[in-house]
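Sequence lines set the chain letters: A, B, ... in the order given, protein chains first and strands last, and positions in each chain run from 1. Remember, predicted model here, so these are calculated numbers, not experimental data.
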2 protein chains.
Amino acid sequence: MGLTKTDTYNTKTLSLATLFKALGHPARIAILEFIAKQSTCICGDIVTELPLSQASISRHLSELKAAGLIKGTITGTSVCYCLNPENMPFLVQFLNQLNSPTNQTCCS
Amino acid sequence: MGLTKTDTYNTKTLSLATLFKALGHPARIAILEFIAKQSTCICGDIVTELPLSQASISRHLSELKAAGLIKGTITGTSVCYCLNPENMPFLVQFLNQLNSPTNQTCCS
DNA sequence: TAATTTAATCGTAATATTGCGATATAATAA
DNA sequence: TTATTATATCGCAATATTACGATTAAATTA
């Protein structure tokens, strides 16, 4: 019965880590890049785009979806995926804070 | 002799994934938040700040350093860590692209 | 209804990450 | 030189992630 991550870190820290973790795999970055490039939903043609099995891509898609980075809509036999921009500002804000001038005053 | 990640994904995709992966753990987010909060170098007092062993913190610090998210300078017996803002704009730019209006035209 | 298509899930093997005690290293202080 | 202090690394166990073939599920088409 050790400390869990939920006990140890606050909600914001855990959310950031979860989102970044979902972004921390090249296949998932490639999927996001591909969806963005289409600038519309993509329906099923991701499997042909990446050198991964259908099972693996489906897994990555569900991870991206669970993290709130994409949305999926069922249309007939296929599923339509698009970006979910909801959490982007949260991540950008965090990174910008790390990048602010106040944090560049040492280790030069 | 399967395909390696380096064969499969382009450099930009791999860099993004590596950086995000380094950000994908609550302990490492907490470390970055702590350094940012001090808005100066921190020298050694991270161990008392987080509920992790000295060995584990050292490991997380070296991962953050390897990813290029922090810098470390040796000063006497201790090491001084501060943020390395170098890669932040790269990450922010990627996230902002995902968040651009062009990418919000479907799955509504 | 039976075949087809599309995507998710299961089971499992391989690999990677995480955490920690113990130990090593390196600089300073006594 | 011998402690002491601060940090990194080693070795190992526990856990998590990744990938894929096979299977399942659900909608569509013949």
Side-chain angles (χ1 to χ4, degrees), chain A residues 1-9 13-14 17-31 34-35 41-67 69-82 107, chain B residues 1-9 13-14 17-31 34-35 41-67 69-82 107:
Chain A
M1 290 283 287
L3 284 178
T4 64
K5 284 182 181 176
T6 320
D7 296 330
T8 307
Y9 304 102
T13 302
L14 288 167
T18 303
L19 284 160
F20 283 131
K21 190 176 192 176
L23 292 164
H25 191 285
R28 293 193 288 271
I29 296 290
I31 288 172
F34 181 64
I35 301 183
C41 292
I42 47 152
C43 305
D45 43 4
I46 308 183
V47 178
T48 57
E49 187 71 12
L50 293 179
L52 285 174
S53 71
Q54 183 267 320
S56 299
I57 300 227
S58 181
R59 220 172 191 310
H60 284 303
L61 284 168
S62 82
E63 274 184 67
L64 287 169
K65 200 175 169 187
L69 291 167
I70 60 175
K71 286 182 282 191
T73 314
I74 299 171
T75 61
T77 30
S78 61
V79 178
C80 213
Y81 286 104
C82 65
C107 290
Chain B
M1 290 281 287
L3 285 178
T4 63
K5 284 182 180 175
T6 321
D7 296 330
T8 307
Y9 304 102
T13 303
L14 288 168
T18 302
L19 284 161
F20 283 132
K21 189 176 193 177
L23 290 165
H25 192 286
R28 292 193 287 272
I29 296 290
I31 288 171
F34 182 64
I35 301 183
C41 293
I42 47 151
C43 304
D45 43 4
I46 308 182
V47 178
T48 58
E49 188 70 12
L50 293 178
L52 286 174
S53 71
Q54 183 267 321
S56 299
I57 301 230
S58 181
R59 222 169 191 312
H60 284 303
L61 284 169
S62 81
E63 274 185 66
L64 287 169
K65 199 175 168 187
L69 291 166
I70 61 174
K71 286 182 281 190
T73 313
I74 299 173
T75 61
T77 30
S78 61
V79 178
C80 213
Y81 285 105
C82 66
C107 290

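- Closest to the B:Glu63 side chain, of the nucleotides C:dA7, C:dT18, D:dT5, is C:dT18.
- Once rounded to the nearest 0.5 Å, the distance linking NZ of A:Lys71 with NZ of A:Lys65 reads 11.5 Å.
- The base of C:dA8 is paired with the side chain of A:Gln54 by a donor and an acceptor separated by under 3.5 Å.
- Where A:Ile74 and A:Ser56 meet DNA chain D, the nucleotide closest to each residue was compared, and A:Ser56 sits on the side nearer the 5' end.
- Comparing atom distances between the B:Arg59 side chain and each of D:dT9, C:dG19, C:dA7 picks out C:dG19 as nearest.
- At a threshold of 4.0 angstrom between heavy atoms, the contacts of B:Leu52 are confined to the sugar-phosphate backbone, with no base atom among them.
- Here the side chain of A:Ser78 is nearest to one of C:dT28, D:dC20, C:dT6, namely C:dT6.
- The nearest whole Å value for the distance from the NE2 atom in B:His25 to the P atom in D:dT15 is 14 Å.
- In this structure, A:Arg28 places its CZ atom 9 Å from P of D:dT17, rounding to the nearest Å.
- Distance B:Tyr81 OH to D:dA6 C1': 11 Å, rounded to the nearest Å.
- Listed candidates were D:dG21, D:dT7, D:dA6. Nearest to the side chain of B:Ser58 is D:dT7.
- Side-chain contact between A:His60 and A:Leu52: present, with at least one pair of heavy atoms (C-beta onward) separated by less than 4.5 Å.
- In this structure, the nucleotide among D:dA8, C:dT17, D:dG21 sitting nearest to the side chain of B:Lys21 is C:dT17.
- Residue B:Ile31 contributes atom CD1, which lies 13 Å from atom P of D:dT7 at whole-angstrom precision.
- Straight-line distance from the CG atom of B:Leu61 to the P atom of D:dA6: 15 Å, rounded to whole Å.
- Considering every non-hydrogen atom in both B:Thr13 and A:Pro26, the closest pair reads CG2-O, 3.4 Å.
- Rounded to an integer number of Å, the gap from B:Leu64 CG to C:dT17 P is 14 Å.
- Side-chain contact between B:Leu19 and A:Phe20 is absent, with no heavy-atom pair separated by less than 4.5 Å.
- At D:dT17, none of the side-chain N or O atoms of A:His60 fall inside 4.0 Å of OP1 or OP2 (strictly under the cut-off).
- Between A:Ile57 atom CD1 and C:dA8 atom P there is a gap of 11 Å when expressed in whole angstrom units.
- B:Thr18 contributes a side-chain N or O that, together with a main-chain N or O of B:Leu14, makes up a donor-acceptor pair within less than 3.5 Å.
- As a whole-Å value, the separation of B:Glu49 CD from D:dA6 C1' is 18 Å.
- The side chain of A:Thr77 places no N or O atom within less than 4.0 Å of a non-bridging phosphate oxygen (OP1 or OP2) of D:dA27.
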